[in-house]
Every structure is written in C-alpha cells, then in structure tokens.
Amino acid sequence: MSWLTVKKAFSSPIDTPVTLKGWVRTNRESKADGGLCFLAISDGTCFDPIQCVIKGGGASAVSNYAEVLKLTTGCCVEVDGVLVQSQGKGQSVEVLVDAAHASAPGQVRIIGLVENPDTYPVANKRHTFEYLREQAHLRVRTNTFGAVARVRHTLSMAIHRFFHERDFFYVHTPIITASDCEGAGQMFRVSTLDMENPPRGEGTGHRALGTGEGPVAAGAAVSSTSAQSPVPSASSKSTPSPIDYAEDFFGKQAHLTVSGQLNGETYACALSRIYTFGPTFRAENSNTSRHLAEFWMIEPEVAFNDLKANALLAEDFIKYLINACLTERTDDMKFFEERIEKGLIDRLKAVLEKPFRHLPYTEAISILENALAGGHKFEYPVKWGIDLQSEHERYLTEQHFKQPVVLMNYPKQIKAFYMRMNPPGTDNAPGDTVAAMDVLVPAVGEIIGGSQREERLDVLDARIAEMKLPAKEYWWYRDLRRYGTVPHAGFGLGFERAMMFLTGMQNVRDVIPFPRTPKSAEF
RNA sequence: UCCCUGAUAGCUCAAUGGUAGAGCGACCGGCUGUUAACCGGUAGGUUCCAGGUUCGAGUCCUGGUCGGGGAGCCA
C-alpha cells in the first residue's frame with residue numbers, strides 16, 4: 001500500500017489500497033455492523049479531512065480497536081485501508097479499514113497521542129481568533145488557519161508566476177541595510193555592540209543622533225524621515241560621549257530594511273523589469289488590525305514605465321492574484337465564503353469585471369467636498385493638500401465608487417522625495433503634484449502604494465535639498481540619474497493586506513503564521 | 001503613542017459589596033453509517049498582577065501587565 005496525501009486520495013480511483021498519515025480531526029463511534037469507528041483525518045494537503053471507517057467487529061476488527069476508540073482530536077495516526085464509495089452522507093469517498101480485507105488489510109498505527117484531551121488547545125469546537133493567536137503553533141490545525149496557510153502559499157506562487165511570465169527578474173534585495181535613506185519610517189537596529197556597555201568616542205561611523213528626529217512637518221514625515229534609532233539615544237542626561245558605531249559589525253549603523261525599493265531601482269535600471277518579494281520591518285508602535293512589525297512586501301520596478309503604465313500593471317497584478325485563488329483553491333475559498341465573509345467570492349469576481357477607477361487626488365478632494373456639502377460627516381477636514389484619512393479613503397472606495405480606486409498625482413508635500421514632479425497645472429491642481437499612486441480597495445484600504453520615480457537629476461537634487469535630506473547618503477541613487485537615466489516606476493504591495501483582501505480575514509495577525517507586533521513576538 | 005473597552009472553569013461568557021454559575025469542550029454511560037449529532041451523568045476555579053478601602057472584594061479605589069476595537073503612521 002502506498003502512502004498518499006489526503007488530497008491525492010480524494011482524486012484516486014475506488015478500490016485503491018492506501019496508506020494515509022495525518023492528524024485526527026474527529027472520532028465518532030457507532031455500534032452498527034458489530035462496531036464502527038469514524039475517524040476523520042487531515043494532513044493539511046486540502047481543506048477536507050478524509051473519513052476512515054474502521055471495523056471493530058469479528059474478523060474485520062483491527063487489532064487495536066479498543067485504542068482506536070480512544071483517539072481524540074489532534075492524535076497522529078497512520079491508516080492502511082482501501083478507498084470505497086461512502087455509504088453515508090456528507091462525503092463521496094472514504095477509506096475502509098477492514099483487517100479481513102483480501103487485498104488491503106486494514107490497520108491503524110497510533111503515532112502520537114494527545115496527552116490530555118481536556119487541555120488540548122484546539123479541541124474540536126469553535127475558538128475565537130484572539131485565543132488561537134496565543135496558540136499559533138497549533139492553530140494551523142484548524143479549518144481557518146489551514147485554509148489561510150494554503151491560500152498564502154498559492155498567492156506566493158502566483159506572484160512569482162505573474163512576474164516570471166512577464167519577463168521580470170526576481171531580485172533579492174538586502175534585509176540588512178546600512179543606508180540611511182530608505183525613508184519609510186522607524187527602523188530596527190542591527191548591531192553586535194554590547195548594548196549595556198557600548199564603545200564610546202568620536203568614531204568615523206558615528207552619525208549625529210537626533211538629526212531630523214522631529215520631522216519638519218507631520219505630513220513630511222512619511223517621505224522624508226531618514227533612519228531613526230528606535231533605541232532612545234542616551235543624549236538626555238549624563239551622556240559620556242556618543243556611541244562609536246565604527247566599532248560595530250558594519251563599521252557604521254545598520255538596520256533592518258523598511259523597503260527594497262531603492263535597491264530595486266538599481267536593478268531595474270539594468271534589467272528593465274524586476275521585482276522583490278521579501279520580509280520588511282517597521283519599528284513603529286502601530287496597534288491596528290492592518291499593521292505588523294514584520295511583514296512581506298512585493299515591489300516591482302519597471303524601466304520606461306510611467307505612472308499610467310504602473311497603475312495598469314498594479315491592476316493586472318491584483319486581478320491575476322484573484323484568479324489564482326479562485327481557480328487554484330476553490331475548497332478554501334468556498335470555506336472563506338461560507339464562514340468568514342458572506343459574498344466574498346462575488347466581491348472578488350466583481351473586481352475582475354471592470355477596470356479600476358483612476359482618480360486624480362485633486363478630483364478626489366472635490367468628491368469629498370461634495371459629499372460634505374451633501375451632508376456626509378467626516379471627522380477630519382477635507383482640503384487640497386492634506387493627506388487623505390482612512391475615513392476619506394473608505395468613503396471613496398466603499399461608498400462612492402464601490403470598487404477599487406487608483407488615486408493619483410498627490411500634492412508633493414505629502415509624498416516622498418523620489419516621486420516624479422508633475423508638470424505645473426496637472427489635473428488643474430492648485431499646487432505642485434507628484435506622480436504618486438495608491439490603490440485603495442474596499443474593506444482593506446490602501447493595498448498598494450507606488451509612483452513614477454524622479455529620473456531628472458536636477459529635479460531630484462532640488463527635492464533632496466528642499467526636504468533637507470542628507471544628499472551624500474544618496475550618492476549611488478543619484479548615480480542612476482547620472483549614468484544613462486531612464487524614466488521608471490514601481491509600487492509596493494503589502495502581502496498580508498492582499499491576503500486580507502482575498503480571504504476576508506479581518507486581522508492581519510491571522511494571515512501570517514507568526515505575527516510580530518509591538519509587545520508580541522512569541523513563538 | 002492617543003481614545004474606548006475588556007481580563008472569572010480547557011474555551012465563550014454570567015454573577016446588587018455577602019456560599020462562584022451556564023453553554024460548549026473533556027471524561028463516563030445510552031442511542032445512532034456517524035459527520036455542528038442527540039439523551040443522561042461526572043469532574044473541572046489562587047476570579048490577570050501588586051497594593052488599598054471594608055466586618056467582608058470577582059465586584060469599589062490606585063498603579064501595572066496583557067488582549068480587543070478605533071485613530072495616527074503605513075503596506
């Protein structure tokens with residue numbers, strides 16, 4: 001008898017002798033036929049467990065039938081049997097485990113018992129997601145988290161396939177960066193220095209602490225903040241002398257990456273089409289259902305693309321991912337539809353049907369102002385030049401358009417230095433705009449942020465100066481504009497946000513195996 | 001970080017300042033080709049932590065810790 005996965009067993013012909021290996025989901029006993037035991041077994045290869053019907057009477061009885069009756073949810077077993085048409089309702093095929101079967105004598109080998117069924121954390125009953133987060137090592141044995149894990153895999157594969165099919169190259173951008181210029185928020189320090197007794201002195205690797213600590217303007221923080229130390233500087237009271245980072249592993253300060261974009265741009269400026277797909281780290285004290293300290297991000301970058309092409313790529317991408325999930329994981333998606341979000345599948349199919357709505361920021365402001373005039377209440381003011389609040393984005397994508405919206409051409413003062421300056425008068429905006437875009441989707445909000453990059457050296461330099469960024473740090477980024485510069489564009493897709501969008505799961509901590517959030521890094 | 005809210009049985013939740021309860025799960029038994037089963041029974045508690053008020057605190061007060069929702073930041 002050959003070992004088959006449950007998935008494989010479901011697609012094998014009747015009468016196939018099989019060996020199955022997995023974990024018990026449920027165990028039911030019946031007195032019929034001299035004694036029967038229904039063991040539902042899952043090995044995680046597909047949504048449904050397979051039902052094993054174990055004989056307990058006469059010559060057909062498996063030798064350890066008494067022990068089999070005591071198996072509880074979570075026990076690990078191997079079962080020999082034969083695939084048969086089910087006599088019961090609820091499943092079409094099942095595994096008959098009959099010790100007296102001529103060609104496939106049945107047997108149950110007990111591999112691992114659950115030592116105390118009363119305290120088994122994922123007993124066969126309804127659990128809250130909050131509780132299961134505390135049992136992250138076992139929650140993947142549940143329907144929901146098994147489905148999440150399989151969809152997560154499918155989505156990962158689809159992402160690589162999408163880009164590979166379009167001649168993109170997958171680039172491994174660094175996880176550790178000693179670059180101060182990634183500028184996407186607070187970073188985790190990477191250091192081998194003795195934190196309790198660091199070397200001190202005026203080393204060459206020292207960077208003045210506190211530069212730009214308080215961003216000039218709140219709105220500018222998003223784009224202009226250089227790498228800030230999340231570790232409080234010891235500068236407040238009795239500072240002996242600054243820490244000498246020249247002594248540190250890299251000879252200067254280093255952090256975990258907050259974005260692979262700048263590195264990605266260098267490869268796009270040689271390979272034309274590239275993407276990154278890797279972990280990203282933000283040391284921000286964000287406590288929401290949409291933020292993680294460690295998350296995965298996909299960042300394509302394309303030479304010769306403008307903002308419009310960028311937006312179309314993002315749209316193709318999202319639609320491709322929806323198709324992949326719907327066609328490759330019908331079992332799990334059906335579960336999400338039935339138990340997590342009613343209407344999920346229709347919602348996703350609706351996204352496929354029409355082009356995304358492209359909307360200049362300036363026009364979005366008008367729509368929001370009209371809504372205000374029409375009596376709609378917003379907590380935060382609406383005015384050209386402000387960054388849109390969650391409630392504004394939600395109004396646009398959930399109420400006004402009821403579909404994904406690509407917002408474009410934002411005021412330059414609320415966006416990053418590397419975004420391309422638009423010609424004056426673009427969209428009849430009352431101020432300068434840059435070629436930025438955000439893709440907003442119902443329920444999740446911002447799922448993609450991207451832009452056309454500034455390829456003109458003089459304009460880029462002016463922006464760096466204007467935002468008081470350390471120009472020296474950007475020497476290699478500037479080189480791209482000095483040696484064969486090219487218009488290019490790209491975006492970042494938050495992988496976990498895509499997961500939420502595709503599964504209907506409402507908390508980002510439930511779509512990643514082991515979530516890292518402030519005050520939480522168990523497992 | 002801010003606002004709101006919560007922490008009691010393995011889980012989800014009750015309990016006027018006065019003997020700690022239910023449902024689910026677990027266990028035992030009955031019934032059944034069972035499958036969100038059903039019927040009967042049993043066990044299961046340092047009420048998050050540290051102080052305080054009180055004759056008496058799960059309950060009131062102070063301070064923590066952690067969870068959840070929302071906001072900001074962003075993906």
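Chain identifiers are assigned alphabetically (A, B, ...) following the order of the sequence lines, protein sequences preceding nucleic acid strands; residue numbering begins at 1 within each chain. Just so you know, these numbers come straight off a predicted model, no measurement behind them.
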| Can you find a donor-acceptor N/O pair under 3.5 angstrom joining the side chain of Q51(A) to the base of rU34(B)? | yes

| message | Suppose you measure atom C1' in rA43(B) against the same atom in rG25(B); what distance do you get, rounded to whole Å? | response | 13 Å

| task | Measure from the side chain of F38(A), starting at C-beta and using heavy atoms only, and say which of rC11(B), rU34(B), rA75(B) lies closest. | result | rU34(B)

| query | What about E94(A), does its side chain sit under 3.5 Å from the base of rG33(B) through a donor-acceptor pair? | reply | yes

| Counting side-chain heavy atoms from CB outward, which of rG33(B), rA71(B), rU12(B) is closest to S390(A)? | rA71(B)

| Could you give the CD-to-P distance, from E393(A) to rG72(B), as a whole number of Å? | 9 Å

| Is a donor on one side and an acceptor on the other found under 3.5 Å between the side chain of T45(A) and the backbone of K7(A)? | yes

| query | Would you call the rings of H160(A) and F277(A) parallel, tilted or perpendicular if under 30° counts as parallel and over 60° as perpendicular? | reply | tilted

| Whether Y410(A) and Y361(A) hold their rings parallel, tilted or perpendicular, with breakpoints at 30° and 60° | tilted

| query | Would you say the side-chain atoms of R497(A) pair up with the backbone N or O of E446(A), donor to acceptor, closer than 3.5 Å? | reply | yes

| Closest to side chain of T288(A), choosing from rA71(B), rA75(B), rG23(B) | rA71(B)

| Whole-Å gap separating C1' (rA75(B)) and CD (E496(A)) | 9 Å

| Among rG68(B), rU12(B), rG72(B), which nucleotide sits nearest the side chain of Y131(A)? | rU12(B)

| field | Contact residues, residues 501-523 of chain A to RNA chain B [heavy atom, < 4.0 Å] | value | N507(A), R509(A), K519(A), S520(A)

| field | Touch class at under 4.0 angstrom, heavy-atom based, for R133(A) against every strand present | value | sugar-phosphate

| said: Closest approach to the side chain of K31(A), judged atom by atom: which nucleotide of rG72(B), rU1(B), rU32(B) is it? | reply: rU32(B)

| Do you know which of Q135(A), E115(A), R141(A) makes side-chain hydrogen bond (donor to acceptor under 3.5 Å, both in side chains) with Y120(A)? | R141(A)

| F168(A)-F162(A) aromatic ring centre distance below 6.0 Å | no

| said: Nearest to the side chain of L292(A), heavy atoms from C-beta on, is which of rA71(B), rU1(B), rA75(B)? | reply: rA75(B)

| remark: Among rA75(B), rG10(B), rU34(B), the one nearest any side-chain atom of E446(A) is rA75(B)

| request: Compare the ring of F495(A) with the six-membered ring in the base of rA75(B) and state whether they stack (centres under 5.5 Å, planes under 30°). | output: no

| S289(A) side chain: which of rA75(B), rG70(B), rU32(B) is closest? | rG70(B)

| request: For rU12(B) versus rG70(B), give the span between their C1' atoms, rounded off to a whole number of Å. | output: 24 Å

| said: Using Watson-Crick or G-U wobble geometry with both distances under 3.5 Å, which nucleotide pairs with rA14(B)? | reply: none

| field | Side-chain donor/acceptor contact of D118(A) with base of rG44(B) under 3.5 Å | value | no

| field | Identified pairing partner of rU53(B), criterion: Watson-Crick or G-U wobble below 3.5 Å | value | none

